[in-house]
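Report on one structure; see the data block that follows.
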Amino acid sequence: LRDKYIGLIADAADENALEALRVQAVGKKGEISLRMRELGKMSPEERQIAGPALNALKDEINSALAAKKAALADAALDERLRGEWLDVTLPGRPRRQGTIHPVSQVSEEVAAIFADMGFAVAEGPRIDTDWYNFDALNIPAHHPARAEMDTFYMHREPGDDRPPHVLRTHTSPVQIRTMEAEGAPLRIICPGGVYRADYDQTHTPMFHQVEGLAIDRDISMANLKWVLEEFFAAFFEIDGIKTRFRASHFPFTEPSAEVDIQCSWVDGQLRIGEGDDWMEVLGSGMVHPKVLRAGGIDSDQWQGFAFGMGIDRIAMLKYGIPDLRAFFDSDLRWLRHYGFSA
Ligand code: PHE
């Protein structure tokens, strides 16, 4: 009996075979257990010999089963290790990482600088009504400014009673939406895409602006100038960079100013923040009282300044990117060259 089971256990091919052998030998109805049951029929003398012998055999078979089980597990592990062998000395396969687009990078930089001056980021829809894009900003129907903007109008079927929608031509409608939503006082910037039907080396039908709006009880052009000079010094990393305010006109600001930053051209190369040339970078002014009222703000109690700046434009200036159109061509070589690593 002993030799039979020790032999069978040694030859067992896997855990299932081993378990079958365990049941057959030492299970409740196994061969050894049956023999043990017969002990009762024996004489005491016979039992004294057979009992311990059977117990010893049972123990021996149990340890043989356990040893074989461990050996099988070891063998399985060895087999797996052979199969999954990995040459850690092989060179890795390089993975191409995407880059952060200059527009995204600069939007983040702008938001971070204005955040330090207490400006929160606001957002509005790129498809907006002509009321938000024009009327509320003191640009009524038939105003020449509408024609100058080269507006994309959304198509409307006859009988559509929704108000006319446009692709926003600037970020200024977000001024009105934020005034309506939050009231005064207010300090926000709004970066985002805008649309105009125009295309050449410095114009694309979609581009980006960042709007700024500060409303409080006594805000002046002096505050505007300080905020913008702080911004340009931080953005271009040039202390004391000079700005020039030129009288201008926008329907939604009064007075209005276009703002230039100091620059120079050396050997055909643009240098920001030195010399005595000027580069226009934004439009600005004191928010027109009609615009405050359109946003639901009492223009006797509150006043504010606003500005709108081209993000792509200042990205080109800061990072020396020559052609605006390339921003939106999705050329991977361009993106790898001008993009930022995450
Ligand atoms: N919305 C103007 C533009 O797109 C810029 C601007 C914004 C001017 C706010 C004044 C105040 O040209």
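These figures come from a predicted structure and were not determined experimentally.
The hydrophobic cluster around Leu21 extends to Leu1, Tyr5, Leu8, Ile9, Leu18, Val26, Ile32, Met36, Leu39, Met42, Leu54, Leu57, Ile61, Leu65, Leu72, counting ILVMFWY residues whose side-chain heavy atoms fall within less than 4.5 Å of a member. Leu81 forms part of a hydrophobic cluster together with Leu77, judged by ILVMFWY side-chain heavy-atom separations under 4.5 Å. Under a 4.5 Å side-chain heavy-atom criterion applied to ILVMFWY residues, the cluster that includes Val88 comprises Leu86 as well.
For residues 128-157, there are no ring pair (Phe, Tyr, Trp, His ring centres under 6.0 Å) pairs, not counting sequence neighbours. Screening residues 233-244 for side chain to side chain donor-acceptor pair (under 3.5 Å) gives Lys225-Thr243, Glu229-Thr243, Arg244-Asp260 as the qualifying pairs, with residues at least two apart or on separate chains. Under the salt bridge (Lys or Arg N to Asp or Glu O under 4.0 Å) criterion, no residue pair touches residues 190-215, with sequence neighbours excluded.
Hydrophobic clustering keeps Ile188 apart from Val110 (ILVMFWY residues linked when any side-chain heavy atoms are closer than 4.5 Å, directly or through intermediates). Residues Ile261 and Phe305 share a single hydrophobic cluster, defined by chaining ILVMFWY side chains whose heavy atoms lie under 4.5 Å apart. Trp278 and Leu282 are assigned to two separate hydrophobic clusters, defined by single-linkage of ILVMFWY side chains at heavy-atom distances under 4.5 Å. The hydrophobic clustering, which links ILVMFWY residues whose side-chain heavy atoms are closer than 4.5 Å, places Met316 and Val194 apart. No single ILVMFWY cluster, assembled from side-chain heavy atoms under 4.5 Å apart, contains both Val174 and Val121.
Between His208 and Phe327, every side-chain heavy-atom pair lies at or beyond the 4.5 Å cut-off. At least one side-chain heavy atom of Leu186 sits under 4.5 Å from a side-chain heavy atom of Met179.
Residues meeting the ring pair (Phe, Tyr, Trp, His ring centres under 6.0 Å) test with Phe307, sequence neighbours left out: Phe114. Residues passing the side chain to side chain donor-acceptor pair (under 3.5 Å) test with Glu109, sequence neighbours excluded: Gln105, Lys318, Tyr319. With sequence neighbours left out, Arg313 forms a side chain to side chain donor-acceptor pair (under 3.5 Å) with no residue at all. A search for salt bridge (charged side-chain N to carboxylate O under 4.0 Å, His left out) contacts involving Arg82 returns Glu79, not counting sequence neighbours. With sequence neighbours left out, Tyr199 forms a side chain to side chain donor-acceptor pair (under 3.5 Å) with no residue at all. Arg162 pairs by the salt bridge (charged side-chain N to carboxylate O under 4.0 Å, His left out) definition with Asp160, not counting sequence neighbours.
Remark: Asp135 engages Arg146 in a salt bridge, criterion side-chain N to carboxylate O under 4.0 Å. Residues Lys41 and Glu38 are not paired through a salt bridge, judged by the lack of any N-O separation under 4.0 Å between the basic side chain and the carboxylate.
The aromatic rings of Trp334 and Tyr338 are tilted relative to each other, their planes meeting at an angle between 30° and 60°.
Side-chain N/O atoms of Arg126 and Tyr195 include a donor and acceptor closer than 3.5 Å. For the residue pair Ser299 and Arg293, a side-chain donor N or O sits within less than 3.5 Å of a side-chain acceptor on the partner.
Side-chain N or O atoms of Glu180 include none that pairs as donor or acceptor with a backbone N or O of Gly296 at under 3.5 Å. At least one donor-acceptor pair under 3.5 Å links the side chain of Ser33 to the backbone N or O of Gly27.
In terms of heavy atoms, Gly339 sits closest to Pro102 at CA-CD, 4.4 Å. The two residues Ser284 and Leu224 have their closest heavy-atom pair at OG-CD2, 3.6 Å.
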Original post:
Checking salt bridge (charged side-chain N to carboxylate O under 4.0 Å, His left out) for the pair Glu31/Lys4: CA distance, chi angles, key distance, verdict?
Top reply: CA-CA 11 Å; Glu31 214 169 342; Lys4 169 181 160 196; 3.0 Å; yes
Original post:
Going through the distances and angles, do Arg187 and Asp216 end up as a salt bridge (charged side-chain N to carboxylate O under 4.0 Å, His left out)?
Top reply: CA-CA 9 Å; Arg187 236 186 290 177; Asp216 215 317; 5.4 Å; no
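Between His170 and Phe207, the ring centre distance reaches or exceeds 6.0 Å.
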